[in-house]
Amino acid sequence: MKFILKRIGTLIITLVIISFLSFLAFSFIPGDAAVANLGMDADEAAVEALREELGLNRPVVVQYGDWLLSALQGDFGESTQYHLPVSELVAKRLPATVTLALYSMVLICVISFPLGMLGTNKPGGAVDTAMTVLSQIGMAVPQFFLGILLTFFFGIVLNWFTVGGYVSPQEDMAGFLSFLILPAVAVAVPKCATMTRYIRNAVVAQKKMDYVRTARGKGNSEKRILLNHVLINVMMPVVTMLAMMAADVLAGSIVVEQVFNIPGLGRLLITSISNRDYPVVQAIVVYIASTVVIMNTIADILYQKLDPRVR
Amino acid sequence: MKRKLFLALLMFSVMTALCACNGGTDKGDTPGDISSGTPAAGGEIVVGITQDLDSLDPHIAVAAGTDEVLFNIFEGLVKPDKDGNFVEAVAEKYVISEDAMTYTFTLRENVKFHNGDTVTVDDVVYSLKRCAGLLDVQDPNVLVDSALSRSIKEVVATDDRTVVLYLNAANTELLPYLSCAIIPCDYDNQAKSPVGTGPFKFVSYSPLESFVVEKNADYYGTPAYLDKVTFKIYASSDAAFLELMAGKIHIFPYLTDEQATQLSQKYTIEVGTMNLVQALFLNNGAAPFNNVKVRQAFCHAVNRQEILDMLSGGRGTLINSGMTPGLASYYNNSIAGYEYNAEKAKQLLAEAGYANGLEITITVPSNYQYHMDTAQVIVEQLKKVGVTAKIEPVEWATWLSDVYKGREYQATVVGLDFNLAPSDVVKRYQSTASNNFMNYVNESYDTTFAKALAAINEQEKQDAYKELQKLLYEDAASVYIQDPALLTAVSKELGGYTFYPVYVQDMSLVYYVK
Amino acid sequence: MKKKLNHNLIIGYFLIALVMLMAVVGLFYTPYPVNEMNVLLKNQPPSFAHLFGTDQFGRDIFSRVMEGASTSFFIALCVVLVGAGIGTLTGAITAYFGGWLDAVLMRVNDVLAAFPSVLLAICFVAVIGPGTYNLIVALGIVFIPSFTRVVRSEVLVQKELDYVRNAKLMGAKNLRILVFHILPNIKPVLKTSLLVGFQNAVLSEAGMSYLGLGVTQPDPSLGRMLSEAQGFLWNAPWYALAPGLTILALTLGLGLVTSDKE
Amino acid sequence: MPLLDIKNLKIAFQVKKDTDGLFQMLGEQEVVHGIDLSLEKGQIIGLVGESGSGKSVSSLSILKLLPEDAKITADTMCFDGIDLLSQTEEEWQTLRGDRISMVFQEPMTSLNPVLTIEKQVEEGLLLHEEETYKDNKELRRERVLEVLAEAGLSHPEELLLKYPHQLSGGMRQRVMIAIAMMNRPELLIADEPTTALDAATQEIILELLKYYCETYKTAILFISHDLSLVARLCDRVLVLKNGKVVERGTKEEIFYRPQQEYTRQLMAAAKGKQLAGESIINAGQVGAEESNDTPDTKPNNTAIPLLQLKNATIEYREKTFFGKEKVTTAVKNVSFELYKGEVLGLVGESGSGKSTISKALTGLLPLTKGELIRAEGTEAPRMVFQDPYGSLNPAKKIGWILEEPLKIQGGYTKEERKRLVRAALKEVELEEAHAKRYVRELSGGQRQRVAIAAALIQKPEIVILDEPVSALDVTVQGQILELLYRLKEEHGMSYLFVSHDMNVIRRVCDRVIVLYQGEIAETGTTADVFERPEHPYTKELLRNNMDVHEQKEKSI
């Protein structure tokens with residue numbers, strides 16, 4: 001209970017600071033929503049009137065306080081660009097990004113565990129070395145370059161996928177899911193490589209532990225040792241690592257959205273920054289930060305569940 | 001009397017149309033509309049666009065990319081046709097008084113909004129007042145057109161079919177502004193679920209994703225052929241291109257030259273013009289461009305044909321001053337333009353005291369890749385005359401606030417769009433104009449412009465506008481480059497795609513070929 | 001004793017050396033001026049005259065890759081220096097002295113860590129604008145927390161060790177202990193995180209330039225070239241390969257060297 | 001035929017010489033150079049040696065539990081007629097845990113931290129008697145409870161769902177033994193099974209091993225560094241040094257007629273009477289006897305104490321998340337004096353506050369209450385820490401480390417500093433060449449010599465020795481104690497000697513302060529405290545230390 005309270009406290013402090021910082025940042029960017037909305041042909045008076053209407057003339061702290069008060073009541077305001085409630089706007093962009101991120105997380109889990117354990121029987125052996133090189137390549141490749149390569153091979157050479165052919169989930173769920181596979185691979189591969197390496201190192205380190213010697217002394221086979229003894233011990237740091245990775249995956253999704261033309265949170269964020277649509281930016285910033293903090297909290301709780309020593 | 005003027009205007013319109021046609025065909029490319037094959041009714045298409053809609057409320061929307069889509073839903077009292085004429089739309093007819101002080105509109109009978117209501121004079125008065133900023137309670141989000149707000153004294157419904165506009169000063173050029181959308185006066189959900197009178201009805205909008213319209217069966221005019229049109233929003237033409245290659249898009253404007261070449265197997269490539277004055281705009285108010293010699297030197301240093309060759313395969317129309325040939329009767333085609341001459345440029349720079357070179361910064365809105373590319377080519381060309389130019393890419397909002405409103409820049413590359421009123425494109429060069437971001441000051445320009453605007457006599461008006469262009473040319477106000485070519489990919493199954501002299505995608509004329 | 005070659009390290013050094021060679025030579029000499037355009041040579045496939053072909057402006061891709069590599073190198077180096085410099089300073093000082101300064105800085109660090117670094121950099125660039133130096137500032141700031149965290153946790157461990165107590169007993173001043181006693185001990189850890197940081201900086205720079213938030217056009221940058229090349233994937237796939245593989249070679253080389261140091 | 005027959009066992013490890021470059025140097029290093037060993041059914045053999053003698057490596061090689069890169073060769077290596085060298089991995093798996101089992105030194109790390117005790121104990125059944133136990137949970141549990149009870153765990157059913165960290169050290173080791181004995185192996189290898197345990201528990205574990213040997217005729221190979229333990233349990237003893245057997249024989253032979261000097265040293269260490277350290281003991285006791293004239297604790301009434309601690313109380317404050325303060329009192333109202341030239345012992349178990357006091361004396365920790373008075377002109381004390389590896393900067397060379405205090409002090413030229421460093425090295429019996437080495441390149445004893453040199457280079461009057469020999473092998477302990485004594489005599493310093501080991505204290509100290517839970521339990525001359533202990537805690541301390549040795553001698 002105390003732990004949860006502490007976490008909620010951290011979350012709130014984090015969100016307040018980060019939202020204030022982004023608010024502050026906005027006051028330094030040249031151009032505001034009024035200028036962006038009215039465009040070239042508006043005169044200064046009209047811009048001023050809209051500024052007044054949007055409350056952009058008030059001091060930053062007042063604006064922030066106002067925003068904070070309504071945000072605390074769950075109201076994130078209205079997009080100055082789209083004239084739609086921010087929550088609705090964000091909710092609509094969320095599925096693509098979240099699905100992409102989840103997809104990637106699943107890929108990371110599914111791929112990196114078996115690969116991470118491959119070759120750990122003989123560290124430094126041929127299989128292990130091959131895995132090392134493979135994971136180094138995976139870690140080194142920029143996500144967007146991978147996206148471009150995937151586009152080229154699967155979209156252009158093999159013609160398996162319609163590259164850039166995003167369909168919304170409402171329109172065609174199956175199409176949506178199958179389209180997201182390639183972007184998910186682009187997001188996941190570098191993280192998979194990191195994870196594989198991490199798991200490999202953890203397994204190798206665990207295998208040097210005394211309890212593994214005990215297990216071997218009991219007559220366990222190497223496979224049994226790996227699955228029944230080492231894996232659960234490796235899980236604990238890996239879960240923490242996975243949670244930390246969630247933030248990166250989210251960020252990666254946002255970059256890869258640009259490569260595959262997916263109208264997700266990332267595009268909304270970048271568009272909103274250029275349109276000076278700060279209610280939307282604020283909401284996204286808060287959303288991402290809380291996701292990261294919540295993921296870390298979940299990891300901590302999982303860690304506690306997994307490790308009897310910290311219970 | 002009124003009737004006479006009306007006829008005169010009609011004649012003028014026809015003339016304009018003819019010239020526009022000439023303008024469109026002079027490159028020897030495919031002309032504006034290519035209707036081939038027999039139209040078949042029905043069908044759905046996907047149209048790719050690269051700019052998200054900034055609002056669904058036609059009076060709030062300011063982006064050209066929004067107007068071109070909303071054109072299918074909304075109509076004004078009048079609307080432009082493909083030749084640049086203003087034809088009656090919601091209005092059945094209009095009369096402009098001889099002194100050009102009153103405009104009288106008679107509404108068409110039984111024009112229905114998409115929600116089923118009939119268009120009344122109240123709707124028209126409301127719509128016009130809203131555009132002109134004359135409502136008692138004015139939504140500050142509405143972009144009030146200064147041309148309307150300054151000209152219109154009052155909008156009155158004289159009976160249930162007639163609306164009269166009383167002006168502050170004589171103005172024969174108000175018609176293009178009166179194409180502003182007619183919307184229901186008692187409907188306040190325009191931004192989410194727009195209601196207009198156009199040939200298509202709104203179905204759905206998903207920001208950053210798509211905008212969908214369907215055929216308006218109750219349309220008073222010629223109904224659309226297509227049942228449904230989905231405008232799909234892409235982050236860039238590169239992103240759309242991949243789907244074009246896969247054949248998922250039926251129509252896509254704004255192709256690059258390379259893309260057009262690659263798509264020529266699968267699509268018909270239609271070539272039109274963007275109706276933009278693209279230029280390297282110079283800040284005449286600050287060094288070094290407050291020196292006319294420097295400005296002239298730049299005009300000589302920029303090889304405009306090379307820009308066209310580099311960026312659009314030689315397509316596009318070179319312009320020599322601040323107007324495009326699209327406004328044919330007002331376009332001064334007697335200006336020879338500054339020829340590319342690096343030696344002369346260097347000499348002029350030396351005369352201006354920059355013999356040892358010059359460093360400048362070109363501020364470019366980075367969301368417009370075409371302008372960015374243009375700037376890149378210009379930078380290379382300027383190198384040859386000893387000018388070191390640096391590109392500073394900025395976001396559109398920053399550009400608006402720093403360059404356009406704040407006028408804190410040296411040079412910038414953008415394209416200015418305009419409606420079909422000749423004043424719209426050149427009024428910004430008045431020394432007092434709030435949007436004179438070039439800081440261009442020339443007394444005789446101001447007087448000539450006032451003359452042009454007030455002129456009722458068409459010839460007088462044309463002469464005045466031509467004179468204005470000459471002044472801009474002589475003063476080398478900016479380095480005018482071109483009206484860029486608009487390359488549009490149209491599926492080979494389709495016909496009826498039509499270019500307009502303004503920024504619109506008219507889907508009502510598009511059909512599947514039988 | 002037998003001699004066993006360390007293949008990973010050799011390949012790693014080789015790749016880094018290769019890109020570095022390109023970058024260093026690119027500073028003084030490129031086969032063609034990097035921004036020189038030629039209408040007649042647009043989108044040429046690789047040939048002897050143009051090893052990696054030409055781009056949509058007829059510019060020599062090989063020359064641009066060379067210069068792009070040196071830009072990437074320069075930016076990544078500066079980013080790491082800024083990040084590591086400030087990060088080490090704050091990490092060491094807060095960990096060593098503790099107190100409210102530590103508490104405040106750690107809170108700020110947590111907040112920054114709660115936001116993915118790429119997004120943070122995007123936001124920074126939105127405020128200060130794109131460009132080489134702005135990018136260095138933005139990424140540099142973004143990189144501070146990771147160094148702070150590494151150094152801080154190391155110093156926290158080290159300062160509890162007996163040799164630090166011993167130094168205190170000798171009468172050494174705090175600054176002396178920090179600089180002469182503790183810092184040499186975190187050098188190995190710092191070395192590894194510098195390498196990792198450098199790799200991340202190269203990737204981030206490429207990513208930011210790819211999004212158009214980095215090096216300004218027309219100056220070549222590997223990331224920007226990739227984003228331009230994306231539009232020509234169909235008819236000029238070599239355009240994407242040249243800058244992409246260059247980035248890959250550099251980051252892979254760094255990765256191999258780093259993994260060896262671990 | 002013996003149960004286990006090993007002839008000429010040699011074990012070599014692959015060594016990588018890290019060149020920090022593009023290649024590695026690979027080589028082999030032999031650590032066990034031909035050991036012969038044979039073990040009969042029901043026999044207990046002891047393998048004794050200090051760290052690095054190869055005793056653990058040899059025992060692990062019997063079960064082939066060494067790392068992959070270990071190379072094992074032998075003329076013969078047979079278990080019950082099975083050639084162990086030619087076993088396949090599958091054959092090993094049937095052998096291990098069934099016919100040969102092993103108990104390890106550190107039960108905490110040798111048990112899987114995240115599996116329940118039941119899971120870990122029953123695994124042996126599932127592995128070797130799968131048919132009987134696989135689908136019969138009740139039977140399995142019954143058997144688990146049985147072995148746990150047999151291992152002397154009184155309420156085994158309560159342990160089943162517990163995790164290793166929830167048990168005490170002794171219980172963990174019993175669980176380990178239960179696991180090893182699950183399938184009644186013919187051979188049990190016990191690798192330092194009692195080292196991590198306190199004296200009383202050690203005893204119980206030894207009894208348990210004896211029980212198994214007698215009940216099931218299990219042969220036991222017992223590995224230890226402590227000769228006295230080995231002597232009490234084993235029938236035969238092998239003394240190992242540097243991978244070779246230096247002496248072998250029955251326990252009587254080894255104890256009463258040790259042939260080798262090395263064995264004698266080990267014997268002495270085990271008995272708590274270090275031969276080389278005897279001079280110190282004598283000196284200390286002489287000092288103590290002299291001071292016997294003054295029964296109150298001051299050895300010299302007229303002398304002014306160099307250091308005086310008056311009514312010192314030390315508290316640790318910890319802030320919790322909700323702003324509450326948690327106060328732990330580590331030291332309560334402690335007063336004592338340290339006089340010139342004396343060795344004052346501070347003894348107590350961990351947590352008794354002795355480290356806290358030593359930190360406070362050096363000024364590293366502020367006193368919450370009370371005062372610390374140093375005689376005029378006396379500088380802050382220097383300190384020698386328990387672990388020389390931690391107290392010497394690992395990133396620096398020895399020369400730098402020794403020079404640093406002089407640099408801080410200032411007033412020396414570079415030449416003078418170098419000269420002083422050379423002198424200091426000489427004084428602690430190291431060579432000049434050591435100045436160019438890193439700490440990690442030195443042995444444990446050499447490191448502690450460097451630490452002492454670093455503490456003495458400024459010629460302090462008081463040196464605090466915080467468990468200076470606890471981390472060292474017994475043979476090295478004596479040398480260091482001797483060095484400390486010589487230096488004290490030569491330089492006229494005073495020592496505050498902090499230790500948990502009553503034997504060491506007895507050997508070196510003039511006076512002793514016994515700390516119990518942060519308070520002084522008893523104080524007096526060494527002779528008084530050791531011969532006439534008053535406080536029950538002191539008595540207990542003495543019993544724990546002495547009893548073991550007395551019993552050891554009795555059992556021989």
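Just so it is clear, the model here is predicted, and its values are computed rather than measured.
- With a 4.5 Å cut-off on side-chain heavy atoms, A/V141 and C/T251 do not count as touching.
- Options C/G223, C/A206, C/S227, C/C123 differ in how many heavy-atom pairs under 4.5 Å they form with chain A, and the most are formed by C/A206.
- Crowding of A/M241 atom CE: a count of heavy atoms from other residues, nucleotides or ligands under 6.0 Å exceeding 12.
- Looking only at heavy-atom pairs under 4.5 Å with chain A, the residue among C/G255, C/G253, C/P243, C/A229 that has the most is C/G255.
- Between A/V259 and C/Y210, some side-chain heavy-atom pair lies under the 4.5 Å cut-off.
- Between atom CG of residue C/L203 and atom CZ of residue A/F144 there is a gap of 7.5 Å, rounded to the nearest 0.5 Å.
- With rounding to the nearest 0.5 angstrom, the CZ atom of A/F145 is 10.5 Å from the CG atom of C/L222.
- The two residues A/M139 and C/Q199 come nearest to each other via the heavy atoms O-NE2, 4.3 Å.
- Here C/H7 contributes atom NE2 and A/T129 contributes atom OG1; the two are 9.0 Å apart, rounded to the nearest 0.5 Å.
- Heavy-atom pairs under 4.5 Å with chain A were tallied for C/L248, C/L213, C/L254; the largest tally goes to C/L248.
- Residue A/L149 touches chain C through its side chain alone, counting heavy-atom pairs closer than 4.5 Å.
- From A/T132, atom OG1 reaches atom CG of C/N8 across 6.5 Å, with rounding to the nearest 0.5 Å.
- Counted within 6.0 Å of CZ on A/F153, heavy atoms from surrounding residues, nucleotides or ligands total 12 or fewer; the atom is thus considered open.
- With a threshold of 4.5 angstrom between heavy atoms, A/L15 does not approach chain C through any atom at all.
- Proximity to chain A is limited to the side chain of C/L211, based on heavy atoms less than 4.5 angstrom apart.
- The residue among A/S135, A/A140, A/A289, A/S290 with the most heavy atom pairs within less than 4.5 Å of chain C is A/A140.
- Heavy-atom pairs under 4.5 Å with chain C peak, among A/V249, A/V285, A/N296, at A/V285.
- A distance of 4.0 Å separates CD in A/Q136 from OG in C/S259, rounded to the nearest 0.5 Å.
- Expressed to the nearest 0.5 Å, how far OH of C/Y239 lies from CD1 of A/I148 amounts to 11.0 Å.
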